[in-house]
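One structure below.
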Number of protein chains: 2
Amino acid sequence: MERQKFKEYVATKGLKLTKKRDDILDEILTTEGHFDPEELFIRMKTKGSKVSRASVYRTIPLLLECGLIEEVERIDKHAHYEKVLGKQHHDHMICMKCGKVIEFFSPTLEMLQSELCQKESFTGIRHNLEILGYCGRCSK
Amino acid sequence: MERQKFKEYVATKGLKLTKKRDDILDEILTTEGHFDPEELFIRMKTKGSKVSRASVYRTIPLLLECGLIEEVERIDKHAHYEKVLGKQHHDHMICMKCGKVIEFFSPTLEMLQSELCQKESFTGIRHNLEILGYCGRCSK
DNA sequence: CATTAAATTGAGACATAGTCGCATTAAAAG
DNA sequence: CTTTTAATGCGACTATGTCTCAATTTAATG
């Protein structure tokens, strides 16, 4: 059904659903966790795909626009993404030792942020909270 | 007094307080807002400094270690920093239109995060909350 | 199914960001 | 002032992202 969504998006924009685009979406859908374009490209290469770096970089904005993936974080030109796949918004705790990523969601936190935005006359669109530290296993 | 702090730090580590390091610290201290190494380097170049990119990149870890600057955010090798200068921890709202950065601090938010960490058996060391959206002026 | 117009592709040049080794220079200790 | 040691700039190198252009693929049409 993700592929369907992509197909529809591509159609409405007068674009074409190519094999390469399909391959890229497929690779994203079958992998868990965060990814960045370079890593995705390398992974596909390793698996024998003939996709080019340019195609990977060119496909990501399309997947973003149709809501199949989301930008988790970005600095300048460097971004990390994750597939959406029906997930609701959540934030992250990242273990600085083992790299484990814990996803969490707190309605209270969301509400509090709305209040803080209001106080500053700021219209919040999206946010990104990353808590860095040590997971249960690593903090012993 | 920032320079004093740096001098002391450098001394205890058996390093040297060079003219270049001093220049770099000075440039950081006299500029407001966030910065990244490349931008800092270009800015100094433009002002006629003969400092090299390598020196800028090599000095930043020192300033971090002695607490004169802090990492605001990082993805892979790309980081943004800000001078500390007695500021307490705060988070950011960033206008996606004009780039304005609003700094805010909420004790409630901090407390809530501690609770959330506890729930996940996670030892939070530092965090980074960025709310993206539109500032009062731009959201009209 | 063949044709064709338009979009997409890969290759590789280019740009930017960050790191590293090494010969030279500068700091600070004696 | 000499010596020791760290710091510097240069330039090579890696990694990441963007762009152009000729060749290819898609999908609409005949």
Side-chain angles (χ1 to χ4, degrees), chain A residues 3-4 6-28 34-66 69 71-81, chain B residues 3-4 6-28 34-66 69 71-81:
Chain A
R3 191 157 291 119
Q4 189 52 34
F6 188 41
K7 195 170 174 181
E8 280 168 23
Y9 174 77
V10 150
T12 63
K13 294 278 272 186
L15 306 176
K16 289 168 182 175
L17 185 60
T18 62
K19 262 196 206 64
K20 295 302 163 60
R21 281 179 179 163
D22 211 44
D23 289 351
I24 294 166
L25 174 56
D26 198 51
E27 179 61 35
I28 291 172
H34 296 178
F35 67 92
D36 65 78
E38 201 68 19
E39 174 218 314
L40 180 61
F41 169 61
I42 301 292
R43 214 189 314 140
M44 294 184 73
K45 270 293 190 200
T46 307
K47 290 185 181 176
S49 170
K50 296 280 184 299
V51 78
S52 70
R53 169 188 278 112
S55 289
V56 171
Y57 277 93
R58 286 188 284 227
T59 299
I60 283 175
L62 300 179
L63 296 173
L64 263 178
E65 282 158 29
C66 72
I69 62 175
E71 205 176 272
V72 177
E73 46 184 0
R74 158 175 294 275
I75 294 187
D76 305 326
K77 298 181 170 183
H78 311 277
H80 284 180
Y81 307 90
Chain B
R3 191 156 293 119
Q4 189 53 35
F6 188 42
K7 197 171 172 180
E8 279 168 26
Y9 174 76
V10 150
T12 63
K13 294 276 271 186
L15 307 176
K16 290 168 183 174
L17 184 60
T18 64
K19 188 79 181 55
K20 296 299 163 62
R21 282 180 178 163
D22 211 44
D23 289 351
I24 293 167
L25 174 57
D26 199 51
E27 180 62 34
I28 291 172
H34 297 178
F35 68 91
D36 64 77
E38 200 67 18
E39 174 217 317
L40 179 61
F41 168 62
I42 301 294
R43 213 187 319 136
M44 293 183 73
K45 270 293 191 201
T46 308
K47 290 185 180 176
S49 170
K50 296 280 184 299
V51 79
S52 71
R53 170 187 279 113
S55 289
V56 172
Y57 278 93
R58 288 189 282 227
T59 299
I60 284 175
L62 300 180
L63 297 173
L64 264 178
E65 282 159 29
C66 72
I69 62 175
E71 205 176 271
V72 177
E73 46 184 358
R74 159 176 293 274
I75 294 187
D76 304 328
K77 297 182 170 182
H78 310 278
H80 284 180
Y81 306 89

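Proteins get letters first, then strands, A, B, ... in listed order; numbering begins at 1 in each.
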Heavy atoms within less than 4.0 Å of DNA chain D: which residues of residues 17-28 of chain B have one? Give them sorted by number. B/Thr18, B/Lys20, B/Arg21
Qualifying residues under side-chain hydrogen bond (donor to acceptor under 3.5 Å, both in side chains), relative to A/Arg21, sequence neighbours excluded: none
What integer distance in Å separates A/Phe41:CZ from C/dG12:P? 12 Å
Tell which nucleotide pairs with D/dG30, taking only Watson-Crick or G-U wobble pairs whose two distances are both under 3.5 angstrom. C/dC1
The first and last nucleotides of DNA chain D lying within contact of chain A, meaning any atom under 4.0 Å from one of its heavy atoms, run from D/dT16 to D/dA27
Could you tell me the separation between the NE2 atom of B/His78 and the CD1 atom of A/Ile75, rounded to the nearest 0.5 Å? 8.5 Å
Could you pull out all residues at least two apart from A/Lys13 that satisfy side chain to side chain contact (heavy atoms under 4.5 Å, CB included)? A/Tyr9, A/Leu15, A/Glu65
Could I get the full list of side-chain hydrogen bond (donor to acceptor under 3.5 Å, both in side chains) partners for A/Lys19, not counting sequence neighbours? none
Set of residues satisfying ring pair (Phe, Tyr, Trp, His ring centres under 6.0 Å) with respect to A/Tyr81, sequence neighbours excluded: A/Phe35
Tell me, please, which residues at least two apart from A/His80 pass ring pair (Phe, Tyr, Trp, His ring centres under 6.0 Å). none
Quick one: what's the B/S/- string for nucleotides 14-25 of chain C, heavy-atom cutoff under 4.0 Å, read 5' to 3'? ---SBBBB----
Is any N or O donor-acceptor pair between the side chain of A/Lys16 and the base of C/dA6 shorter than 3.5 Å? yes
Those residues that, when tested against B/Arg3, pass side-chain hydrogen bond (donor to acceptor under 3.5 Å, both in side chains) (two or more places apart): B/Asp22, B/Asp26
Restricting to side chain to side chain contact (heavy atoms under 4.5 Å, CB included), what partner residues turn up for A/Lys7, sequence neighbours left out? A/Gln4, A/Leu17
Name all residues meeting the side chain to side chain contact (heavy atoms under 4.5 Å, CB included) criterion together with B/Ala54; count only those two or more places apart in sequence or in a different chain, and write none if there are none. B/Ser52, B/Arg58
side-chain hydrogen bond (donor to acceptor under 3.5 Å, both in side chains) involving B/Glu38 - partner list, sequence neighbours excluded: B/Arg53, B/Tyr57
